[in-house]
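Just so you know, these numbers use all the heavy atoms, side chains as well, and skip hydrogens, waters and symmetry mates.
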Amino acid sequence: MSRRTRLAFFGVAVAALAVTLGVGLAGLPSFGSQITAYAGMLNELAQRQRHVTDVVSAITFDYRGIDTLFEEFILLSAVAGISVLLRPLSDETRKLPEDKAPDRSIPPPSPAVWLLAVFLGSLLVLTGIETVTHGQLTPGGGFQGGVILASALYVVYLGTNYVTVERFEPAPLLEASDGTGASGYVFIGLLGLLAGASFLSNVVGLGTAGTLISGGTIPLLNLVVGLEVAGGFAILASEFLDQTAVIRTRQR
Amino acid sequence: MSEAVIAVALVWAAVSGTAVVLTRDPLRQAFVAGFFGLGLAFLYLSLQAGDVALSQIVVGAIAVPLIVLLSLAKVRKDRE
């Protein structure tokens with residue numbers, strides 16, 4: 001295709017995009033204008049109906065819980081896809097690099113780095129658990145908390161080395177966490193059917209708004225999502241780390 | 001007051017977003033992208049979207065840098 005034809009195609013595409021985008025943008029409500037009726041209604045009703053103080057949680061895990069179910073499975077398939085993609089291929093081997101100077105030992109990380117890793121790692125685990133369990137009360141929830149939990153693994157790697165971090169990421173446990181989390185969402189949804197209501201209805205006792213045990217199925221769903229995301233992101237981290245640290249092209 | 005904060009956040013996101021595109025070295029780009037992510041998180045927070053801001057922070061500070069930096073390390077190691 002010559003440069004002139006390409007430019008012509010580009011011109012047509014840009015013009016079409018500009019027109020449709022322009023029409024779309026012109027129809028948007030102005031910046032900072034009144035929120036929609038649906039949003040206003042949820043702000044009004046969510047706390048009374050679902051006993052939660054974070055309305056966003058009520059929307060993502062209850063009113064629109066089915067959307068989050070699909071997002072869970074998008075993440076699950078993404079993680080599965082990455083595991084398949086990053087496996088050792090037939091012309092690659094999986095082994096630790098050879099020690100070319102066995103008479104010299106690798107200096108251990110300085111005590112300051114080690115201390116920081118211990119401190120930061122435990123702090124991250126604590127923050128992760130806090131974020132997962134307080135989803136119905138404050139901003140945050142299963143997804144955010146799950147990623148924070150998985151990030152504790154990176155800190156272990158930064159503070160030590162590959163051999164140590166491998167002990168912290170047993171593949172069966174991470175995969176079980178990922179799978180249990182994803183299926184747990186479905187099972188909690190089935191509770192609704194068992195109770196004679198529709199799938200994913202909030203059938204568990206709602207508790208007192210503003211306390212840790214409130215919101216019925218919302219904190220339970222946050223918990224399973226946290227489990228899935230923490231496992232998924234830990235798998236992601238270990239797959240990428242393996243690629244960098246131990247997977248090599250086979251020497252011919 | 002809140003308009004000023006939102007304006008700062010919007011300008012920050014626009015400027016750093018452009019900077020990400022204009023940075024050509026992938027390693028430096030990862031750092032600039034982190035700064036862009038921080039701007040986005042600040043923008044969401046200034047618009048009172050706390051949940052989205054938290055998601056942006058965990059993705060921008062943990063997931064993306066990890067994938068980018070480890071991929072760069074892998075590519076460089078293979079070239080040696």
Side-chain angles (χ1 to χ4, degrees), chain A residues 31-32 35 43 53-61 71 75 78-79 82 86 92 97 124 127-128 131-132 134-155 157-158 222 229-230 232-234 236-249, chain B residues 1-14 17-18 21 26-27 29-31 33-80:
Chain A
F31 188 78
I35 51 174
N43 271 336
T53 48
D54 183 24
V55 178
V56 178
S57 277
I59 297 167
T60 46
F61 292 105
E71 278 167 33
L75 186 69
V79 169
I82 283 172
L86 296 185
E92 288 174 334
L124 280 170
T127 314
T131 314
V132 171
H134 289 68
Q136 73 280 23
L137 302 173
T138 48
F143 176 73
Q144 295 94 333
V147 184
I148 296 174
L149 279 174
S151 72
L153 268 184
Y154 311 172
V155 175
Y157 176 63
L158 292 177
N222 263 319
V229 174
F233 272 78
L236 205 71
S238 74
E239 291 287 350
F240 272 90
L241 206 56
D242 282 358
Q243 277 291 333
T244 314
V246 289
I247 295 181
R248 300 266 177 287
T249 313
Chain B
M1 178 59 203
S2 69
E3 276 92 6
V5 176
I6 294 172
V8 168
L10 280 172
V11 172
W12 181 358
T18 316
V21 179
L27 186 59
Q29 206 172 25
F31 287 93
F35 193 66
F36 172 53
L38 197 64
L40 277 185
F42 182 61
L43 175 63
Y44 297 142
L45 197 63
S46 70
L47 294 170
Q48 300 185 20
D51 285 87
V52 190
L54 261 179
S55 301
Q56 167 59 35
I57 289 171
V58 294
V59 170
I62 300 167
V64 175
L66 171 96
I67 292 174
V68 171
L69 292 179
L70 285 178
S71 306
L72 283 178
K74 168 79 176 170
V75 171
R76 284 185 188 187
K77 198 163 267 181
D78 282 358
R79 259 194 221 137
E80 276 167 14

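- For a residue to count as touching a neighbouring chain, one of its non-hydrogen atoms must lie under 4.5 Å from one of that chain's; by this rule I62(B) touches chain A with backbone and side chain alike.
- For chain B, the nearby part of F233(A) is the side chain; its heavy atoms alone come within less than 4.5 Å.
- Both the backbone and the side chain of I67(B) come within contact range of chain A, each with at least one heavy atom under 4.5 Å from a heavy atom of that chain.
- Evaluation of the ring-ring contact (aromatic ring centres under 6.0 Å, His included) rule for F31(B) yields no partner, not counting sequence neighbours.
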Short donor-acceptor contacts under 3.5 Å linking chain B with chain A:
from   : atom 1 : to      : atom 2 : distance (Å)
D51(B) : O      : Q144(A) : NE2    : 2.9
D51(B) : OD2    : G140(A) : N      : 3.1
S55(B) : OG     : Q144(A) : NE2    : 2.9
L70(B) : O      : T244(A) : OG1    : 3.2
K74(B) : NZ     : Q243(A) : O      : 3.2
K74(B) : NZ     : Q243(A) : OE1    : 3.1
K74(B) : NZ     : I247(A) : O      : 3.3
K77(B) : NZ     : T244(A) : O      : 3.2

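- Contact between P139(A) and G50(B) at its shortest, heavy atoms only, is CB-C, 3.8 Å.
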**Asked** Under the side-chain contact (heavy atoms from CB on, under 4.5 Å) criterion, do V59(B) and V147(A) qualify, and how do the steps go?
**Response** CA-CA 8 Å; V59(B) 170; V147(A) 184; 5.7 Å; no
